[in-house]
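We're numbering straight along the sequence, starting at 1.
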Amino acid sequence: KAEDGTLGLIFTILVSKPHTVSYRVDTKQYDLPKSKKLSVKVIYGTGEGNVKSYSSGSIVRTEKMPARSILVLEIKADNR
């Protein structure tokens, strides 16, 4: 977790087969703000990413990851 409150998570697939990764991020565990929506940016190895907002106490997602790939999540309070 960065000083500005942004949380970064990294997933890697090291094998030569694609995988589906399911995960849950408990916002309390990482001391993320309760009163604001959270913005989750999903960044694949190319640097491009999609952003989605969440307002619940946990973030649940499933990602289809190609073989030998990297996925980065950037989670922060949504300033909108």
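To the nearest 0.5 Å, atoms CZ (Phe11) and CG (Leu73) are separated by 5.5 Å. Between the NZ atom of Lys64 and the CG atom of Leu71 there is a distance of 14.5 Å, given to the nearest 0.5 Å. Distance CG/Leu32 to OG/Ser58: 11.5 Å, rounded to 0.5 Å. Interatomic distance, Tyr30 OH to Leu7 CG, rounded to the nearest 0.5 Å: 6.0 Å.
One hydrophobic cluster, built from ILVMFWY side chains closer than 4.5 Å, holds both Ile43 and Ile10. If you chain together hydrophobic residues whose side chains sit under 4.5 Å apart, Val40 and Val60 never meet in one group.
More than 12 heavy atoms of other shown residues, nucleotides or ligands fall within 6.0 angstrom of atom CD1 in Ile13. Counting non-hydrogen atoms of neighbouring residues, nucleotides and ligands closer than 6.0 angstrom, the NZ atom of Lys1 exceeds 12 such neighbours.
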Ignoring hydrogens and angles, write down the donor-acceptor pairs under 3.5 Å from the side chains of residues 16-25, residues two or more places apart or on other chains.
residue, atom, partner, partner atom, Å
Ser22, OG, Thr62, OG1, 3.1
Tyr23, OH, Arg61, NE, 3.3
Tyr23, OH, Glu63, OE2, 2.8

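Contacts classified as side chain to side chain donor-acceptor pair (under 3.5 Å) and involving residues 3-15 (residues at least two apart or in different chains) are given here: Asp4-Thr6.
Under the 4.5 Å side-chain criterion, counting only non-hydrogen atoms from C-beta, Val72 is not in contact with Leu9.
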